[in-house]
Amino acid sequence: MNADWEVVIGLEIHVQLSTSSKIFSGASTAFGKPPNSQACAIDLGLPGVLPVVNQAVFPRAIAFGLSVGAEIGALSTFDRKNYFYPDLPKGYQITQMEQPIVTGGSVDITLPDGNVRSIRITRAHLEEDAGKSLHENFPGMTGIDLNRAGTPLLEIVSEPDLRSPEEAIAYAKSIHQLVTFLGVSDGDMSQGSLRCDANVSVRKVGATRLGIRTETKNINSFRFLKRAIEFEIERQIALLETGRSITQETRLYDSERDETRPMRSKETATDYRYFPEPDLLPVLFDVASIDAIKATLPELPQQKLNRFVKDYQLPPDDARLLASEIALANYFEEVARICDEPLMAANWVRVELLARLNREELPLVQSPLSATTLGSLLTRIKDETISGKIAKTIFTALWKQETTSVDDYIQAEGLSQVTDQDSLAPIVDKVLAAHPQQVEEYQAGKTRLLGFFVGQVMQETQGKASPGQVNALLLARLGE
Ligand code: ADP
Ligand code: MG
């Protein structure tokens, strides 16, 4: 990037709210169903139908607003945004223009260098999603799938406060974290549950007016978001430095060619002929119902991190990692609860599980080991049935799905630790008898040879001896 230019970014993030039916109809929002099997007369905009608001969208939008310190309007209204597009059967989208449900607020982002910045939120409003145009498998034609039409969205608009692609990613990740912790969205980006429009402009360092921006639409991964913004920055700077100007327009990011290209020239609000939706009444929220939502807000990322440090005595870096994603945090807590050893649970989740998932590029939901299974494995370390080393081999067997039950596997493979003194004593004696030289040296004061003897016993028992028992037996035999 060029030191003469300052980058300015504002994001519009569309979050799919986690309701089972659509925002203005009773049709299901389930993902991946056959095309057009989940679009009812209301979603299709057939004549004579009337929308009815799904009440479940309000507490979700309000929970988001409260968690970012926004103002929740006492009155919220819907408007029509008119435009013509094949995947928009009504010819308009119901959205909120004049009186959005959420106004203001801010989100703190932590940058890779540890600095924290506060990013202002302009507003967040409810709206319906459009359908989808399908080009594959339709040579010379366009297929239309209206299953998504009417899916409830919360569009979260930021102020142009972001100053680099890294800040934009950190902000988008914070929003993702927030909505998944709140449970207002599943945040599954591969299914389109969180999509970003990136507004990007550049200006000379020191300039006070914002530059002309482009808006790159519908980006569905953090990596693509970063690439799209980087591409736009370079493109805009190159144009301005050669005396050309930026056209205010809507662009799209093509991940295969790793570039953005123009989609249409930028519409302004007047192009959309916004007007109040006549088929829906304004919605009123009283203080009591907002307070009730406030009282039931779940634990947010920072609070969870603090609790992990305080209650489980986790090192802050481990706590930060384990509290970064709601699914991971829940997994860890379940393992810790089952084995009742939080530190051991944290280590195994971090070192064994996450490393393995990363290596095989699997998300946590596809982990071959459930939290219950990992918890039961760690329980067997804790009660000294197995050593940590044997536990790692069992972990691998579970991972490869050679077994599903920790206890059955321990039994079938004869892996339980030899803890009874009667069977360990002869092995200890054998080891001592085989190394008279070392016994003599030990008794002459070279006590660090104890580790050597323990190692020999472990080898004899293929790692199955309980180290504590072996130590005790050796000390007794060698005379402390
Ligand atoms: P529209 O609704 O037409 O897309 P808005 O004024 O509501 O336009 O802005 C949408 C987004 O664009 C917001 O996130 C805002 O912060 C961002 N934005 C506005 N002006 C600029 C600019 N010059 N450079 C970068 N982002 C901008
Ligand atoms: Mg916009």
Side-chain angles (χ1 to χ4, degrees), residues 1 5-15 64 68 70 78-83 85 92-107 109 117-128 130 153-176 194-219 225-226 228-237 239-240 245-253 260 262-275:
M1 217 182 296
W5 297 94
E6 182 185 38
V7 173
V8 175
I9 304 162
L11 293 185
E12 293 160 272
I13 300 184
H14 295 87
V15 172
F64 172 78
V68 297
F78 290 96
D79 301 281
R80 284 189 188 180
K81 178 180 181 178
N82 300 276
Y83 64 95
Y85 208 73
Y92 60 84
Q93 175 195 34
I94 305 179
T95 179
Q96 300 195 292
M97 174 68 169
E98 287 298 327
Q99 275 161 310
I101 186 162
V102 169
T103 309
S106 65
V107 168
I109 59 169
R117 280 199 63 207
S118 174
I119 306 302
R120 290 169 301 159
I121 288 174
T122 315
R123 53 189 273 150
H125 57 260
L126 291 163
E127 62 184 30
E128 58 179 335
L153 302 178
L154 184 68
E155 176 173 341
I156 303 161
V157 183
S158 85
E159 289 289 302
D161 283 352
L162 301 156
R163 290 292 173 271
S164 67
E166 291 71 28
E167 290 190 6
I169 302 304
Y171 168 77
K173 286 187 173 170
S174 291
I175 294 288
H176 182 269
L194 191 146
R195 282 130 50 201
C196 302
D197 299 346
N199 295 270
V200 178
S201 66
V202 297
R203 61 180 170 188
K204 275 276 165 66
V205 169
T208 47
R209 285 180 48 192
L210 291 176
I212 294 172
R213 70 172 146 140
T214 60
E215 176 174 357
T216 304
K217 284 239 178 250
N218 246 327
I219 307 168
L225 179 61
K226 183 154 184 282
I229 294 172
E230 285 169 348
F231 182 89
E232 264 312 284
I233 294 169
E234 276 174 35
R235 190 186 67 87
Q236 292 185 12
I237 292 177
L239 281 174
L240 294 171
S245 58
I246 310 296
T247 310
Q248 180 162 345
E249 64 191 354
T250 303
R251 301 177 69 90
L252 58 83
Y253 175 69
T260 69
M263 199 159 106
R264 53 175 186 255
S265 67
K266 177 78 193 162
E267 302 84 353
T268 59
T270 42
D271 293 332
Y272 288 123
R273 298 179 294 111
Y274 281 98
F275 63 85

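Hydrogens, waters and symmetry mates are skipped; everything else that's a heavy atom, side chains included, is used. Numbering starts at 1 and runs along the sequence shown. First listed ligand is number 1; within each ligand, the first listed atom is number 1.
- The ligand atoms of ligand 1 that sit less than 4.0 angstrom from a heavy atom of Glu215 are 4 (O).
- Taking 4.5 Å as the limit, some side-chain heavy atom of Tyr171 sits within range of a side-chain heavy atom of Leu162.
- The atoms of ligand 1 that sit less than 4.0 Å from any heavy atom of Leu210 are 23 (N).
- Counted within 6.0 Å of OH on Tyr85, heavy atoms from surrounding residues, nucleotides or ligands total 12 or fewer; the atom is thus considered open.
- Of all the listed residues (Ala198, Ser158, Ser201), Ser158 holds the heavy atom that lies closest to atom 16 (O) of ligand 1.
- In the vicinity of Val157, heavy-atom distances shorter than 4.0 Å reach the ligand 1 atoms 13 (C), 14 (O).
- When only interatomic distances are considered, the shortest N/O to N/O separation between Val200 and ligand 1 does not fall below 3.5 Å.
- Here the side chains of Arg235 and Arg251 are in contact, with some heavy-atom distance below 4.5 Å.
- Considering OG of Ser164 and CD1 of Ile9, their distance stands at 6.0 Å, rounded to 0.5 Å.
- Under 4.0 angstrom from ligand 1, the non-hydrogen atoms of Asn199 come from both its backbone and its side chain.
- Taking each of Glu12, Arg213, Arg120 in turn, the one with a heavy atom nearest to atom 20 (N) of ligand 1 proves to be Arg213.
- Within the 4.5 Å cutoff, side-chain heavy atoms of His14 are placed close to those of Glu127.
- Here Glu159 has backbone heavy atoms under 4.0 Å from ligand 1, and that is the only part of it that gets that close.
- Between Arg163 and Glu6, at least one side-chain nitrogen of the basic residue sits less than 4.0 Å from a carboxylate oxygen of the acidic one, meeting the salt-bridge criterion.
- Taking every non-hydrogen atom of Gly211 and a distance limit under 4.0 Å, the qualifying atoms of ligand 1 come out as 23 (N).
- If you look at Thr122 next to ligand 1, there are no close heavy atoms at all, none under 4.0 Å.
- How far CD1 of Ile119 is from CD of Glu167: 5.5 Å, rounded to the nearest 0.5 Å.
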